[in-house]
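Structure, as structure tokens:
Just follow the structure's listing: the first ligand is 1, and inside any ligand the first atom is 1.
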Amino acid sequence: MNKDRIYAADPGDEPFRFNEAVAAVFPDMLRRSIPGYAASLEAIGSLAARYVKPGTQCYDLGCSLGAATLAMRQGIRAPDCRIIAIDNAPAMIDRCRQIIARDDATTPDPVPVDVILGDIREAPLTNASMIVMNYTLQFLDLAARDDLVARIHDALVPGGLFLLSEKVIDENPYMEELLVDLYHEHKRRNDYSQLEVSRKRAALENVLVPETVAEHRARLDNCGFEHTAVWLRYFNFVSIVAIK
Ligand code: GEK
């Protein structure tokens, strides 16, 4: 695994982008930067085994290198399913296609996967029993979020599942400061320098826009999801499961 040293160098005013340099170190970046990331993938596999229904589609929106797609593929027990993995970063999609092709070659009777270069704000969604957005909604402009989550709800069959993982902000400024501080300490333990942590933070400003857990839950409720629960929280990173 290539080590993420992107912010060891000064990026100047350049905002964070999902380019080739990021794609090349991405597995290491997520493992060291997102507390709970491995747990999110494990749960995606378990939930796929329970919720994916025969003859339906699964979507991985903002798939990057396809880690959640592979977790769904390993979990799915139902026949005649298809996974559609979408990302708008060419560097991610090129590598994702290679990773899925390698998995195709080693998995007996693999669930078919379509890897699509495209914007999830415009992607058609239909006949889905499971839709995953693992740390991706946070990168969309706020105005587009309601519409996409409403379309996700509409695309799900009854009893279908939406898994939403996000970085969040706490409504209590004292707690927000504490959680950010603990998170930065966690990154320091994972071998990011203080300078790397602060440069990445600055580069993500206005690129990753977090909301509160209450805002996420209200959006899911407004879109008509029957049941929602936060099943994972680790500092300011959460994962929510919502059932139609
Ligand atoms: C994982 N889910 O490993 N349309 C399509 N893709 C987008 C858009 C958009 N409008 N905006 C951002 N992305 C993955 C990790 S990473 C999370 C997801 C992170 C894509 C972007 O190109 C990137 O690949 C992904 O969303 C977010 O489980 O880097 O913190």
Around atom 14 (C) of ligand 1, find the nearest protein heavy atom and jot down its residue, atom name and distance. Gly62 O, 3.5 Å

Please confirm whether Asp60 comes within less than 3.5 Å of ligand 1 when only nitrogen or oxygen atoms on both sides are compared. no

Report yes or no: does Met133 have a heavy atom closer than 4.0 Å to ligand 1? no

Going by chain and number, the hydrophobic cluster around Ile169 (ILVMFWY, side chain to side chain under 4.5 Å) further includes none

Between Asp87, Asp119, Leu137, flag the one that comes closest to atom 23 (C) of ligand 1 by a heavy atom. Asp87

Looking at atom 29 (O) of ligand 1, what's its closest protein heavy atom, distance included? Phe18 CE2, 3.1 Å

Going by heavy-atom distance to atom 7 (C) of ligand 1, choose the closest among Asn88, Leu117, Ile34. Asn88

Is Gln138 touching ligand 1 with its side chain, its backbone, both, or neither, if touching means heavy atoms under 4.0 Å apart? side chain

For ligand 1, is there an N or O atom under 3.5 Å from any N or O atom of Ile120? yes

Within the 3.5 Å criterion, strictly below it, is a donor on Tyr174 or Glu176 matched to an acceptor on the partner's side chain? no

With distance as the sole test, does Arg82 use its side chain to make a donor-acceptor pair with the main-chain N or O of Gly55 at under 3.5 Å? no

Identified side chain to side chain contact (heavy atoms under 4.5 Å, CB included) partner of Met133 from the options Leu163, Ile240, Leu61: Leu61

Is the terminal nitrogen or CZ of Lys187 (NZ for Lys, CZ for Arg) located under 6.0 angstrom from the six-membered ring centre of Tyr192 and within 45° of that ring's axis? yes

Answer yes or no: is there a donor N or O on one side and an acceptor on the other, between the side chain of Gln57 and the main chain of Thr126, under 3.5 Å? yes

Give the numbers and elements of all ligand 1 atoms closer than 4.0 Å to a heavy atom of Met92. 24 (O)

Does any part of the side chain of Tyr59, heavy atoms only, come nearer than 4.5 Å to the side chain of Leu125, both counted from C-beta? yes

Report yes or no: does Arg217 contribute a side-chain atom to a donor-acceptor pair with the main-chain N or O of Thr228 at less than 3.5 Å? yes

Contacts table for residues 35-51: side-chain donor-acceptor under 3.5 angstrom, sequence neighbours left out:
unit_1	atom_1	unit_2	atom_2	d
Ser40	OG	Tyr37	O	2.6
Ser40	OG	Asn134	ND2	3.2
Ser46	OG	Glu42	O	3.3

Can you list the atoms of ligand 1 that are under 4.0 Å from a heavy atom of Asn134? 2 (N), 14 (C), 15 (C), 18 (C), 28 (O)

N or O contact, Phe26 vs ligand 1, cut-off under 3.5 Å: no

Regarding atom 3 (O) of ligand 1: of the candidates Phe139, Tyr135, Tyr37, Phe237, which has the closest heavy atom? Tyr37

Which is it for Leu30 and ligand 1 at heavy atoms under 4.0 Å: side chain, backbone, both or neither? side chain

Hey, is Gly118 one of the residues with a heavy atom under 4.0 angstrom from ligand 1? yes

Regarding atom 18 (C) of ligand 1: of the candidates Ala91, Cys63, Ala89, Ser64, which has the closest heavy atom? Ser64

Take Phe225 and His153, measure what ring-ring contact (aromatic ring centres under 6.0 Å, His included) needs, and give me the verdict at the end. CA-CA 7 Å; Phe225 281 95; His153 180 267; 4.9 Å; yes

Using a 4.0 Å heavy-atom threshold (strictly under), name the region of Leu140 that reaches ligand 1: side chain, backbone, both or neither. side chain

Identity and distance of the protein heavy atom lying nearest atom 26 (O) of ligand 1: Thr136 CG2, 3.5 Å

Taking the inter-plane angle between the rings of Tyr183 and His186 on a 0 to 90° scale, is it parallel (under 30°), tilted (30 to 60°) or perpendicular (over 60°)? parallel

